[in-house]
**Student:** 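Mind having a look at this structure? Questions to follow.
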Amino acid sequence: MNKLIITEMQGKIFTAWLSEGRVVQLSAEEKEKPSILGHIYIGKVKNIVKNIGAAFVEIEEGYIGYYSLTENKKHLFSNGSDPSSPLRAGDEIIVQVARDSVKTKAPVLTSNLNFTGRLCVLTTGKNMVGFSTKITDSVWKAQVRERLETMRNSSFLGPTGRVGIIVRTNAYEAGEEALLKEVRMLSEKGSSLIQNAAYRTCKTQLDQAYPAYTAALRDSYMGETDEIVTDNRQILDTLMEYMKELPTEDIPKLKFYEDAAFPLCKLYSLETALERALSPRVWLKSGGYLVIEPTEALTVIDVNTGKYSGKKTPEETIFKINLEAAEEVAGQLRLRNISGIIIVDFIDMDKEEKREALLKRLREFCGRDHVKTTVVDITSLNLVEITRKKVKRPLYEQVEKKQGRAVT
């Protein structure tokens, strides 16, 4: 049974995915100062720094965000001015928080607004129709593309022209009509937001993203969840509100847990799961182990034989441990939300066919991740390169004490 558990623990809101009783994904959100990732504001350009190709935009009083002029060549002026007009200090523009603040770094802002549903994403930053790589039915895609291209002609406009539509994996299961219905709903939301911006004051919030824990539900695959459980009334109400706005088959699966004497975090041993997810060492069933070390530039994972004492030959032993480690590496990337560049130092194997078999197994496990993960190759030093899309901060940063908002 797959369960989504959402509960308060250690002063934060924790979201845990459980599959067959094991925690496979864990994330934390500040209770008092939740993330502003995805929020949309009317910001005021405070100053432009040409030598770094960026502007600094005030989205709330005293709260400044970083706005790249290299990535944002066109702008959403709140007064409807030409998007190609040069940006100047004092301009008021519509921006979305693309990356939350990290320690002393300011949040990253963008004019490429994204409206994300369960079946699709509408974006002002791309003028195209795209599909999830997990949808392989070319006939279905061609049929849907034709209808979506027609809809784009009547959708709200972004700075690059017609809105872009990215079809998510769930759309294939949900069906064409459900997808088109969600496209219309998100388009109406985007159109209303941009039109209303002309009548709103500067440094106000135009749209507030739902709490981070709703993203776990939104990004899950159709039919993947058997139960959604929380012991917090406010979380329950928020989930119900979200489910009604974005119709889903999961409403009957939502359960409220009421045993105050034995809270959810104890029932599912979430504190133990968190402790293990923050530990640098991960033991394998064979007796081998991983050492996971994050750095500023990348994450390094080392595979060791450890306590393995099987009767196989050294070559078979190493291959067995590496295959087991491949599955665990893929699992740990999701559990800890490790992203960016990952380097895995598997135990050296001499035979090319063994290395190819290992890569195939690793790609298979990484392909199950909800976040795009790419196994690149094995280097000449026998190091495996992996990249994983950055969606939000890794778990160890999520549980660090909040440093406060970065101000420039």
Side-chain angles (χ1 to χ4, degrees), residues 17 24-27 35 37-38 66 68 70-71 97-100 102-103 105 107-108 110 112 114 116 121 123 125-126 128 130-136 164 166-169 212 215-216 218-221 277-278 280 282 290-303 322-349 352 355-398:
W17 271 105
V24 296
Q25 184 174 320
L26 196 58
S27 62
S35 167
L37 184 66
Y66 174 89
S68 170
T70 303
E71 296 180 5
V97 179
R99 192 176 302 167
D100 219 339
V102 179
K103 297 180 180 178
K105 292 183 179 180
V108 175
T110 180
N112 301 328
N114 284 335
T116 304
V121 179
T123 173
K126 293 182 179 179
M128 58 172 286
F131 291 83
S132 163
T133 56
K134 289 184 170 65
I135 300 177
T136 57
I166 309 300
V167 181
R168 307 188 73 194
T169 303
R218 181 195 67 201
D219 297 338
S220 64
Y221 295 144
L278 297 176
V282 179
L290 310 179
V291 177
I292 303 175
E293 294 289 351
T295 71
E296 286 288 329
L298 48 80
T299 300
V300 179
I301 303 178
D302 189 31
V303 181
N322 277 340
L323 290 181
E324 185 183 358
E327 180 175 8
E328 190 62 43
V329 164
Q332 290 295 321
L333 297 185
R334 181 183 178 188
L335 174 65
R336 301 172 185 234
N337 194 39
I338 298 171
S339 57
I341 301 171
I342 300 109
I343 301 295
V344 186
D345 186 7
F346 286 99
I347 305 168
D348 288 347
M349 296 183 295
E352 180 66 24
R355 292 196 291 268
E356 289 299 324
L358 175 62
L359 277 181
K360 182 180 179 181
R361 181 68 66 89
L362 184 59
R363 288 191 173 106
E364 176 188 335
F365 290 126
C366 287
R368 301 173 186 175
D369 200 330
H370 292 187
V371 177
K372 184 178 180 180
T373 306
T374 304
V375 178
V376 182
D377 209 344
I378 297 181
T379 72
S380 56
L381 296 176
N382 285 322
L383 302 174
V384 176
E385 300 172 317
I386 303 174
T387 62
R388 189 170 185 267
K389 183 179 178 181
K390 290 186 178 180
V391 177
K392 57 183 179 180
R393 294 177 297 159
L395 179 63
Y396 74 89
E397 287 188 8
Q398 294 174 31

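If you're wondering where the values come from, they're calculated on a predicted model, not measured in any experiment. The chain is numbered in sequence order, starting from 1.
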**Student:** At what distance, to the nearest 0.5 angstrom, does CD of Glu385 lie from CD1 of Ile378?
**Tutor:**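 Spacing of CD (Glu385) from CD1 (Ile378) equals 10.0 Å.
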**Student:** Within a 6.0 Å radius of atom CZ on Arg99, are there more than 12 heavy atoms belonging to other residues, nucleotides or ligands?
**Tutor:**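 No, the 6.0 Å shell around CZ holds no more than 12 heavy atoms from other groups.
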**Student:** Any chance you could lay out the side chain to side chain contact (heavy atoms under 4.5 Å, CB included) test for Met349 and Asn322, step after step, and finish with the verdict?
**Tutor:** CA-CA 9 Å; Met349 296 183 295; Asn322 277 340; 3.5 Å; yes
**Student:** Do you see a donor-acceptor pair shorter than 3.5 Å between the side chains of Arg334 and Gln25?
**Tutor:**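 A donor-acceptor contact under 3.5 Å links the two side chains.
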**Student:** Among Leu362, Asp377, Thr374, Ile338, which one satisfies side chain to side chain contact (heavy atoms under 4.5 Å, CB included) with Ile386?
**Tutor:** Leu362
**Student:** Check the pair Leu359 / Val375 against side chain to side chain contact (heavy atoms under 4.5 Å, CB included), numbers first and verdict last.
**Tutor:** CA-CA 8 Å; Leu359 277 181; Val375 178; 3.7 Å; yes
**Student:** Around atom NZ of Lys134, are there more than 12 heavy atoms from other residues, nucleotides or ligands closer than 6.0 Å?
**Tutor:**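 Yes, NZ of Lys134 has more than 12 neighbouring heavy atoms, counting only those of other groups under 6.0 Å.
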**Student:** Please examine the side chains of Phe346 and Val384, heavy atoms only from C-beta on, and report whether any two atoms are closer than 4.5 Å.
**Tutor:** yes
**Student:** I would like to know whether Thr387 and Val376 meet side chain to side chain contact (heavy atoms under 4.5 Å, CB included); could you show each step before the answer?
**Tutor:** CA-CA 7 Å; Thr387 62; Val376 182; 4.3 Å; yes
**Student:** Considering only heavy atoms from C-beta outward, does the side chain of Ile341 approach that of Thr299 to under 4.5 Å?
**Tutor:** no
**Student:** Determine, for Arg388 against Asp369, whether the closest basic-nitrogen to carboxylate-oxygen distance falls under 4.0 angstrom.
**Tutor:** yes
**Student:** Just wondering, do Asp100 and Ser35 contact through their side chains at under 4.5 Å, heavy atoms?
**Tutor:** yes
**Student:** Might you point out which heavy atoms bring Val303 and Ala325 nearest each other, and give the distance in Å?
**Tutor:** CG1-CB, 3.7 Å
**Student:** Do Val108 and Val97 have side-chain heavy atoms sitting under 4.5 Å apart?
**Tutor:**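 In short, these two side chains do not touch, never coming nearer than 4.5 Å.
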**Student:** What are the two closest heavy atoms between Arg168 and Ser132, and how far apart are they?
**Tutor:** C-CB, 4.0 Å
**Student:** Side chains of Ile292 and Gln332: does their closest heavy-atom pair fall under 4.5 Å?
**Tutor:**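 Touching, per the 4.5 Å side-chain cut-off.
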**Student:** Within a strict 4.5 Å, meaning less than it, do heavy atoms of the Leu26 and Gln398 side chains meet?
**Tutor:**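 The answer is no; the side chains never approach within 4.5 Å.
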**Student:** Heavy atoms, side chains only, cut-off 4.5 Å: are Ile135 and Val167 in contact?
**Tutor:**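 Counting from C-beta outward, Ile135 and Val167 do come under 4.5 Å.
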**Student:** Of the non-hydrogen atoms in Trp17 and Ala216, which two are nearest, and what is the gap between them?
**Tutor:**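 Between these two residues, the closest heavy atoms are CZ2-O, 3.5 Å.
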**Student:** Looking only at heavy atoms, which two atoms of Leu395 and Asn337 are closest? And how far apart?
**Tutor:**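 Heavy-atom minimum between the residues: N-CB, 4.3 Å.
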**Student:** Using 0.5 Å steps for rounding, measure from the CG atom of Asn114 to the CG atom of Asn112.
**Tutor:** 7.5 Å
**Student:** Assess whether atom CD of Glu71 is packed by more than 12 heavy atoms of other residues, nucleotides or ligands within 6.0 Å.
**Tutor:** no
**Student:** Quick check: closest heavy atoms across Phe365 and Ala330, and the distance to 0.1 Å?
**Tutor:** CB-CB, 3.6 Å
**Student:** State which residue, out of Leu383, Val300, Leu381, fulfils the side chain to side chain contact (heavy atoms under 4.5 Å, CB included) condition with Asp345.
**Tutor:** Leu383
**Student:** Determine, step by step, whether Asp302 and Leu290 satisfy the side chain to side chain contact (heavy atoms under 4.5 Å, CB included) criterion, reporting the C-alpha distance in whole Å, the side-chain angles of both residues, the deciding distance to 0.1 Å, and the verdict.
**Tutor:** CA-CA 6 Å; Asp302 189 31; Leu290 310 179; over 6 Å; no
**Student:** Compare all side-chain heavy atoms of Tyr66 with those of Pro107 and state whether any distance is below 4.5 angstrom.
**Tutor:** no
**Student:** Roughly how far apart are Ser27 OG and Arg336 CZ, rounded to 0.5 Å?
**Tutor:** 15.0 Å
**Student:** To the nearest 0.5 Å, what is the distance between CD1 (Ile347) and CG (Asn382)?
**Tutor:** 12.0 Å
**Student:** Tell me the closest heavy-atom pair linking Ala98 and Leu37, and the distance in Å.
**Tutor:** O-CD1, 3.3 Å
**Student:** What orientation do His370 and Tyr221 show, parallel under 30°, tilted 30 to 60°, or perpendicular over 60°?
**Tutor:**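 The arrangement is tilted - the two ring planes meet at 30° to 60°.
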**Student:** For Lys392, I'd like to know if atom NZ has over 12 heavy atoms of other residues, nucleotides or ligands within 6.0 Å.
**Tutor:**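 Atom NZ in Lys392 is packed in, count exceeds 12.
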